[in-house]
Amino acid sequence: MTEINRVIENAVKLFTELIAVQKQYAGKIKVPQLSFSEDEITRHNEAGEVFLNLRLPFYDAALCSELREEICRVIKKHRPEMAFRIEEINSYLSENPGIFEEFLLKDRNLPLKDGVPNNDQELLGFVVYQTMRPLLHKYAAAIQPCLKPEEWLRDYCPVCGEKANFSYLRKEDGKRVLVCPMCGTEWLYRYLACSWCGNYNHKSIKYFEVAEFPAYEVYLCESCHGYLKTFNGKKGIEHEDWLLEDIKTLTLDMLALKEGYTRTGQKLLQ
Ligand SMILES: [Zn+2]
Ligand SMILES: [Zn+2]
């Protein structure tokens, strides 16, 4: 097995179990009915204010701490070489539970934490991100009636503000849909535009395909050198959960990175 295939196989195993734990916890999270004033809905639609900045979800600290333990257990199981670091991060988060609310309040960008080694800051961010995903999925589901995903058309998630790191072309009409890696919300976006920098000059957007992944196109932006993988639903090929699709197609990321293109977003714990 090649190195990249080994990395993908390990990442798929890890994320399959993380997703299963997150789904199990999502069933336990209660999000009260949310309502927004007319003024808030206008701010959302016209000024692009995301719902999470208008109203934070109700947050159950005890449940969150249980889930954090589970997330750390799963990571340790699949990355035994990281066991010590994960245990340290788990204890740190147990002593500093305010970080989870801070994560919601500060646009998902945690400042560097004192008392956490520099090379573990990213890992800490990963644990917090994975712990908060089910809460934000439930929050997004509760907000569905207020959403207009066909009209949003911006390059960030209407619910939580996260940038999409994946897109697909809708089977029915070929329209392009961006997918939020954090809360799972989907919304329409221009077909040939870069969701990292907003560039829509057709001449500076290209894409490549690879025979091994016939359902995929990788869009490349010459303006910001960002890339985005796009699943073409019109090719009639089945797909899994988008997060797992993203991981299974890591080879495409490697090719784009090799050509000097980048994307931000979730780390795969390679
Ligand atoms: Zn989102
Ligand atoms: Zn761009």
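Both ligands and their constituent atoms are indexed starting at 1 by order of listing.
- Here the side chain of R176 pairs a donor or acceptor atom with the backbone of R190 at under 3.5 angstrom.
- Within the 4.5 Å cutoff, the side chain of I205 has heavy atoms near those of the C194 side chain.
- Take the Zn ion (ligand 1) as the corner point: the lines to SG of C180 and to SG of C183 open at 110°, to the nearest 10 degrees.
- Between Y216 and F231, the two ring planes are perpendicular [angle over 60°; tilted spans 30° to 60°].
- An angle of 110° is found at the Zn ion (ligand 1) between C157 atom SG and C160 atom SG, rounded to 10°.
- When rounded to 10 degrees, the angle formed at the Zn ion (ligand 2) by SG (C197) and SG (C221) equals 110°.
- By the 4.5 Å heavy-atom criterion applied to side chains, N45 and T42 are not counted as neighbours.
- Inclusion of C224 in the first shell of the Zn ion (ligand 2) is supported: an N, O or S atom falls under 2.8 Å.
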